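Each chain gets a letter, A, B and so on, in the order its sequence line appears, and its residues count up from 1. None of the values given here were measured: they were computed from a predicted structure.
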Amino acid sequence: SQTIHQWPATLVQPVGSPLSLECTVEGTSNPNLYWYRQAAGRGLQLLFYSVGIGQISSEVPQNLSASRPQDRQFILSSKKLLLSDSGFYLCAWSVQARGRGYTFGSGTRLTVV
Amino acid sequence: DQQVKQNSPSLSVQEGRISILNCDYTNSMFDYFLWYKKYPAEGPTFLISISSIKDKNEDGRFTVFLNKSAKHLSLHIVPSQPGDSAVYFCAASAARGGGNEKLTFGTGTRLTIIP
């Protein structure tokens, strides 16, 4: 069966520090991968998606970047965190089929102080 | 521009009664609609979906209704149970090339079931 792992679960980082969140998927190959953010009191905002190794699409301009060095690995990074980067970050994967939706990871609560 | 809207941020329902969560969309290109349930500090989990060629889809206690002319869908939960207390997100997608399905989410409705 397919599983998705996302870590760490919680993270407190000072302003200006770097960030690296990792997500891996098991039990499937060539998944579509996504990074979402849920800011306090807001919905789910798509940050990046990837349909293959090295292929990254950015949805909104921001202080973050994403990379996909391996087929089932998706990394969210920042060189210098801002206070506004605080939020709940979710990784997700999907198959290439309509209406099946995404399977989400358990999320990372990032607090920038 | 919020293409998927959930205008009720919260809803309280008595246990055993029907819960109705609503969602409106503006993009006529959307052809799949999904509902997700989210508990605090967890990722959302997929509940039920509906294709735009249908007007109803049922799965156990959950039924989704789609009114394309009104660009409106709703999720009915009958009977409501305490474990249904969560935030519910409506999502929609439009056909894209390359098999990549990008979901647009609403802002969520917090459902509280009162025992």
Using a heavy-atom distance cut-off of less than 4.5 Å, which residues of residues 74-91 of chain B contact chain A?
-> B:F89
Rounded to the nearest 0.5 Å, how far does OG1 of B:T107 lie from CD of A:Q45?
-> 13.0 Å
Distance from A:L90 atom CG to B:E42 atom CD, nearest 0.5 Å?
-> 11.0 Å
Starting from [Y], can I reach [X] by hopping between I/L/V/M/F/W/Y residues whose side chains sit under 4.5 Å apart?
X      : Y     : answer
B:F65  : B:L73 : no
A:V15  : A:L21 : yes
A:L19  : A:L83 : yes
A:Y102 : A:I75 : no
B:L66  : B:L21 : yes

Among the options B:G108, B:P44, B:G43, B:P9, pick out the one with the most heavy-atom pairs lying under 4.5 Å from chain A.
-> B:P44
Is the CZ atom of B:R61 crowded by more than 12 outside heavy atoms at less than 6.0 Å?
-> yes
Measure distances from [X] to the heavy atoms of chain A and classify the residue's part below 4.5 Å as side chain, backbone, both or neither.
X      : answer
B:S93  : both
B:L103 : both
B:F33  : neither

Among the options A:F88, A:F104, A:Y36, pick out the one with the most heavy-atom pairs lying under 4.5 Å from chain B.
-> A:F104
Atom group of A:L44 that falls short of 4.5 Å from chain B, counting heavy atoms = both
